[in-house]
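This report refers to the structure that appears directly beneath it.
None of these values were measured; they are calculated from a predicted model. In listed order, ligands and their atoms are each counted from 1.
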Amino acid sequence: MKHVLESVESQFEMFQILNEDGKIVNKDDMPDLSDEELKELMRRMVYTRILDQRSIALNRQGRLGFYAPTAGQEASQLGSQFALEKDDFILPGYRDVPQLIWQGLPLYQAFLFSRGHFHGNQMPEGVNALSPQIIIGAQYVQTAGVALGIKKRGRKAVAVTYTGDGGTSQGDFYEGINFAGAYKAPALFFVQNNYFAISVPVEKQTNAKTLAQKAVAAGIEGIQVDGMDVLAVYAVTKHSRERAINGEGPTLIETLTYRYGPHTMAGDDPTRYRTEDLDNEWEKKDPLVRFRTFLEEKGIWSEEEENKVIEEAKDEIKQAIKKADEYPKQKVTDFIENMFEELPHNLQEQMEEYKEKESK
Ligand SMILES: Cc1ncc(C[n+]2csc(CCOP(=O)(O)OP(=O)(O)O)c2C)c(N)n1
């Protein structure tokens, strides 16, 4: 009897363009980006690292609420977002706020989201996105639906979603990729494999050697990419987006990455489930370090330039937190008003009751 698992699994090799030393190891797939675009990618990664550091500090000062650290995952998050167009639709998870920011969500609104303020969930006109999903995997089913909608309307766009390695254990994950595959819906399904679902290691989630291979059963394309290599993530996203738009169906993209910080700021202590050696091993693969080396060797990036980005980021973050502080406080009627397009009668009654209370 023929056994196929080994031969299938061996086909999922990590796609890479820049190695840990910032050297090109795959010239053929090098994306066609101008020097300005390459610098913009670096700028965004530096900015996002600073935003992460400031957000952690603000959370500790009690000035932010829910926050899921992003440091380590910049290449995975921003390399993919950089390959999107304005018409594309993002369905993020709770850690994917940077993609929303670079797609056009103002920073002060991201801070309001973190505080549970309804305005943090209101995407500005022209930013096609849902607010970050907290229910693990649910965004995969929604993405299949959004992608089918895009296809039925004949739009040249894709629906893009993100979950973690833990998310691939959820039923919604399989339903989403299967449905999108069946309808050849233009969807990009990202799995950011940072090896831990809170404290549970990926080996305890699945017996599969890769998460990308889960695409096979859904009859869709699957690829594993170095999630610490921003050029590789960009190239894979761009390629998969083209395929999706050309009617060739969805892709499942596993990015191999790492979150340096805790799962969220709500009391998680990674030293209880990760060793220092493992942390050090991943820090050697850092996406900013390797891309900086590459750009410096090309002669288009300097310490001066980076410091300028850091100062700009700090300044903008300061202004955004001030704006979030000054934004009108949330009222009970805001919740009721923003929940439904048309209020059911029981909520209408509550609305009246609270309007009266709030007017006093
Ligand atoms: C349906 C559901 N079950 C459980 C939880 C609690 N929970 C929050 S985050 C998380 C782990 C998710 O890990 P992973 O998908 O790997 O994403 P990561 O946070 O590493 O990016 C769990 C179990 C939840 N939010 N939703």
Exercise. Just need the protein heavy atom nearest to atom 12 (C) of ligand 1, so name the residue and atom and give the distance.
Key: Y94 OH, 3.4 Å

Practice problem: Ignoring hydrogens, tell whether any protein atom lies closer than 4.0 Å to atom 10 (C) of ligand 1; use the non-hydrogen atoms only. | Solution: yes

Practice problem: Using the rule that two of Ile, Leu, Val, Met, Phe, Trp, Tyr join whenever any of their side-chain heavy atoms come within less than 4.5 Å, decide whether F118 and I134 are in one cluster. | Solution: no

Quiz prompt | ligand 1-proximal atoms of Q192, by part, heavy-atom distance under 4.0 Å | solution = neither

Self-check item: Lys/Arg-Asp/Glu bridge criterion (N-O < 4.0 Å) met for R43, E305
Solution: no

Quiz item: Out of T143, V141, D96, I90, which residue meets the side-chain contact (heavy atoms from CB on, under 4.5 Å) rule with T161?
Solution: T143

Practice problem: Any atoms of ligand 1 less than 4.0 Å from a non-hydrogen atom of G164? List them with their elements. | Solution: 14 (P), 15 (O), 16 (O), 17 (O)

Quiz prompt | Shortest protein contact, atom 14 (P) of ligand 1 (heavy atom only) | solution = G166 N, 3.5 Å

Exercise. For the pair M42 and L38, evaluate side-chain contact (heavy atoms from CB on, under 4.5 Å) and give the outcome as yes or no after the intermediate values.
Key: CA-CA 7 Å; M42 185 64 190; L38 292 171; over 6 Å; no

Quiz prompt | Within reach of ligand 1, part of I136 (heavy-atom separation under 4.0 Å) | solution = both

Quiz prompt | Heavy-atom proximity to atom 21 (O) of ligand 1, best of Q133, R95, R259, Q73 | solution = R95

Quiz prompt | Those atoms of ligand 1 less than 4.0 Å from some heavy atom in G167 | solution = 15 (O)

Practice problem: Applying side-chain hydrogen bond (donor to acceptor under 3.5 Å, both in side chains), run through W102 and T48 and close with a yes or a no. | Solution: CA-CA 10 Å; W102 293 110; T48 306; 3.1 Å; yes

Quiz item: N/O of D165 under 3.5 Å from N/O of ligand 1, yes or no?
Solution: yes

Quiz prompt | Side chain K151, main chain P186, donor-acceptor under 3.5 Å | solution = no

Quiz prompt | Numbered atoms and elements of ligand 1 in range of N194, under 4.0 angstrom, heavy atoms | solution = 18 (P), 20 (O), 21 (O)

Quiz prompt | Positive for side-chain contact (heavy atoms from CB on, under 4.5 Å) with R290, one of N19, D226, D21 | solution = D226

Practice problem: Counting heavy atoms only, name the option from V202, T257, I198 that's nearest to atom 23 (C) of ligand 1. | Solution: I198

Quiz item: Of all the atoms in ligand 1, which lie at a distance below 4.0 Å from a heavy atom belonging to Q170?
Solution: 1 (C)

Exercise. May I ask you to list the atoms of ligand 1 that are less than 4.0 angstrom from any heavy atom of H263?
Key: 9 (S), 19 (O)

Practice problem: Would you check whether I134 has a nitrogen or oxygen atom less than 3.5 angstrom from a nitrogen or oxygen atom of ligand 1? | Solution: yes

Practice problem: Answer yes if the ring centres of H119 and Y108 are under 6.0 angstrom apart, and no otherwise. | Solution: yes

Exercise. Classify the contact between F196 and ligand 1 as side chain, backbone, both or neither, using a heavy-atom distance cut-off of under 4.0 Å.
Key: backbone

Quiz item: With the threshold set at 4.0 Å, does a side-chain nitrogen-carboxylate oxygen contact exist between R95 and D52?
Solution: no

Quiz item: Within the distance-only criterion (no hydrogens, no angle test), does the side chain of Q205 pair as donor or acceptor with the backbone N or O of E203 below 3.5 angstrom?
Solution: no

